Engineer: 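Questions regarding the structure given below will be posed in turn.
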Amino acid sequence: MNGALPEFVKEEIVYSGRMFEVVLMTFKIGDKEVVYEKARRAPGTRLIITSPEGKILLIEEYRSEIRDWDIRLPGGKVCDSLEEYHAFLASGDEMLEKAKNAAKKEALEEVGIIAEDAELFSLSTCGASVIWDLYYFCITKYTEDPEGQHLELGENIKIKWVSVAEAKKLALDGTVKEDRSAATLLRFLETLPGN
């Protein structure tokens, strides 16, 4: 049985909320079936926005889940609910394109810019027991919306342009609290000339 690759058998959703669901996934390994419990959430998007002067845009947002301000990359949900997520998956359409459109929408809402394009930098998976992909997009060409940010009810977001050195510091010292965004930001910064 060592070395046998698991073969997917079935999944059963045992709990479903608005954003999260708990799924039991059954796999066959050799002649045995194994059940894994996983939490699943619809994917999200994060934006790495750079200025012509080489600055990095971060946001300072009050996050109710940590009851504090957080410095972070702008971004949000690709689908507003699990219901929308499952309907989209059933359509057979490409998730990358939906994520790109969500990235542009978040750029307008949270930052107040109209993105000409969004280029995929990386896709981050959360881990083995939590399924929650984050699509990271680079935005370098944009115009400012004359109306500014289009924040949702309850959002409190301040825009913060920082140098590459400051972005590195904030990612390394834990100020950017979403660890996988901090790691992705550091990887991005390493691709810039002179780093």
Side-chain angles (χ1 to χ4, degrees), residues 19-20 38-63 65-66 68-80 85 88-89 93-144 149 155-195:
M19 293 305 301
F20 287 93
K38 298 179 183 269
R40 181 166 50 207
R41 178 182 170 161
T45 185
R46 300 290 182 267
L47 316 176
I48 301 171
I49 302 170
T50 57
S51 74
E53 303 78 34
K55 296 231 176 196
I56 308 295
L57 188 145
L58 298 175
I59 59 172
E60 187 173 4
E61 180 177 9
Y62 186 80
R63 303 295 297 185
E65 70 273 13
I66 61 172
D68 199 1
W69 291 88
D70 185 19
I71 304 292
R72 57 193 292 118
L73 293 171
K77 300 181 285 285
V78 173
C79 299
D80 287 326
Y85 173 59
F88 184 79
L89 290 177
D93 289 337
E94 179 62 40
M95 185 61 72
L96 178 59
E97 195 59 34
K98 184 162 180 66
K100 182 186 277 194
N101 291 332
K104 290 179 179 181
K105 176 180 165 276
E106 292 295 335
L108 179 62
E109 290 178 359
E110 291 193 353
V111 182
I113 64 170
I114 301 163
E116 289 180 29
D117 199 10
E119 183 180 325
L120 182 66
F121 176 70
S122 72
L123 173 63
S124 170
T125 57
C126 197
S129 59
V130 177
I131 302 166
W132 180 35
D133 295 343
L134 286 178
Y135 290 81
Y136 288 85
F137 290 95
C138 294
I139 296 177
T140 57
K141 294 179 183 171
Y142 52 85
T143 56
E144 290 187 26
Q149 295 168 297
E155 283 186 320
N156 192 336
I157 297 173
K158 301 172 192 171
I159 297 166
K160 183 179 182 84
W161 287 99
V162 299
S163 68
V164 168
E166 188 176 0
K168 275 186 183 179
K169 178 190 172 300
L170 295 171
L172 287 169
D173 71 11
T175 301
V176 177
K177 292 179 178 71
E178 187 174 63
D179 287 338
R180 60 183 168 153
S181 287
T184 301
L185 178 58
L186 288 170
R187 281 197 301 275
F188 170 79
L189 296 174
E190 286 299 309
T191 69
L192 298 176
N195 288 306

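Everything numeric here is computed off the predicted structure, so don't read it as measured data.
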Engineer: I'd like to know if the side chain of Thr45 reaches the main chain of Gly75, judged simply by a donor and an acceptor atom lying under 3.5 Å from each other, with no hydrogens or angles considered.
Structural biologist: no
Engineer: Working to the nearest 0.5 Å, report the span between CD1 of Ile131 and SG of Cys126.
Structural biologist: 10.0 Å
Engineer: Say you draw a straight line from CD1 of Ile139 to NZ of Lys100; how long is it, rounded to the nearest 0.5 Å?
Structural biologist: 10.5 Å
Engineer: Please report the interatomic distance OG(Ser124) to CG(Asp179), rounded to the nearest 0.5 Å.
Structural biologist: 10.5 Å
Engineer: Decide yes or no for Leu73 and Ile59: does some side-chain heavy atom of the first lie under 4.5 Å from some side-chain heavy atom of the second?
Structural biologist: no
Engineer: Do NZ/NE/NH1/NH2 and the carboxylate oxygens of Lys168 and Glu190 come within less than 4.0 Å?
Structural biologist: yes
Engineer: Got a second to check how far Trp161's CH2 is from Ser51's OG, nearest 0.5 Å?
Structural biologist: 5.0 Å
Engineer: Has Glu106 got a side-chain atom pairing as donor or acceptor with Leu47's backbone, closer than 3.5 angstrom?
Structural biologist: no
Engineer: For the atom pair CD1 (Ile49) and OG1 (Thr140), what is the distance rounded to the nearest 0.5 Å?
Structural biologist: 10.5 Å
Engineer: Do you know which two heavy atoms are closest between Lys158 and Trp69, and how far apart they sit?
Structural biologist: CE-CH2, 3.9 Å
Engineer: Shortest non-hydrogen contact from Tyr136 to Leu120?
Structural biologist: O-CD1, 3.5 Å
Engineer: So do Thr50 and Leu57 actually touch side chain to side chain, heavy atoms under 4.5 Å?
Structural biologist: no
Engineer: State plainly whether the residues Glu53 and Lys55 are in salt-bridge range, i.e. N to O under 4.0 Å.
Structural biologist: no
Engineer: Do Glu61 and Ile157 touch side chain to side chain, with heavy atoms closer than 4.5 Å?
Structural biologist: yes
Engineer: Could you tell me whether the side chain of Trp132 and the main chain of Arg40 form a donor-acceptor pair under 3.5 Å?
Structural biologist: no
Engineer: Quick check on Lys177: does its NZ atom have over 12 non-hydrogen neighbours (other residues, nucleotides or ligands) under 6.0 Å away?
Structural biologist: yes
Engineer: Grab the two heavy atoms, one from Ala107 and one from Ala115, that are nearest each other, plus how far apart they are.
Structural biologist: CB-CB, 4.5 Å
Engineer: Answer yes or no: are there more than 12 heavy-atom neighbours, outside Glu119 itself, under 6.0 Å from its atom CD?
Structural biologist: no
Engineer: Tyr85 pairs by side chain to side chain contact (heavy atoms under 4.5 Å, CB included) with which of Met95, Lys77, Arg41?
Structural biologist: Met95
Engineer: Testing the basics here: between Ser122 and Arg187, what is the closest heavy-atom pair and its distance to 0.1 Å?
Structural biologist: OG-NH2, 4.4 Å
Engineer: Is there a side-chain contact between Pro43 and Lys98 (heavy atoms, below 4.5 Å)?
Structural biologist: no
Engineer: Between the side chain of Glu60 and the main-chain N/O of Ile71, is any donor-acceptor distance below 3.5 Å?
Structural biologist: no
Engineer: What's the shortest heavy-atom distance between Leu108 and Ile114, and which atoms?
Structural biologist: CD1-CG1, 4.2 Å
Engineer: Taking atom CG of Leu185 and atom CZ of Phe121, what is their separation to the nearest 0.5 Å?
Structural biologist: 9.0 Å
Engineer: Are any of the side-chain heavy atoms of Leu58 and Glu166 separated by less than 4.5 Å?
Structural biologist: no
Engineer: What heavy-atom pair brings Lys38 and Ala128 nearest, and what distance separates the two atoms?
Structural biologist: NZ-O, 2.6 Å
Engineer: Using atom types as modelled and distance alone, determine if a side-chain donor or acceptor of Arg46 lies under 3.5 Å from a backbone N or O of Ser181.
Structural biologist: no
Engineer: Using a 4.5 Å cut-off on heavy atoms from C-beta on, say whether the side chain of Glu144 contacts that of Val111.
Structural biologist: no
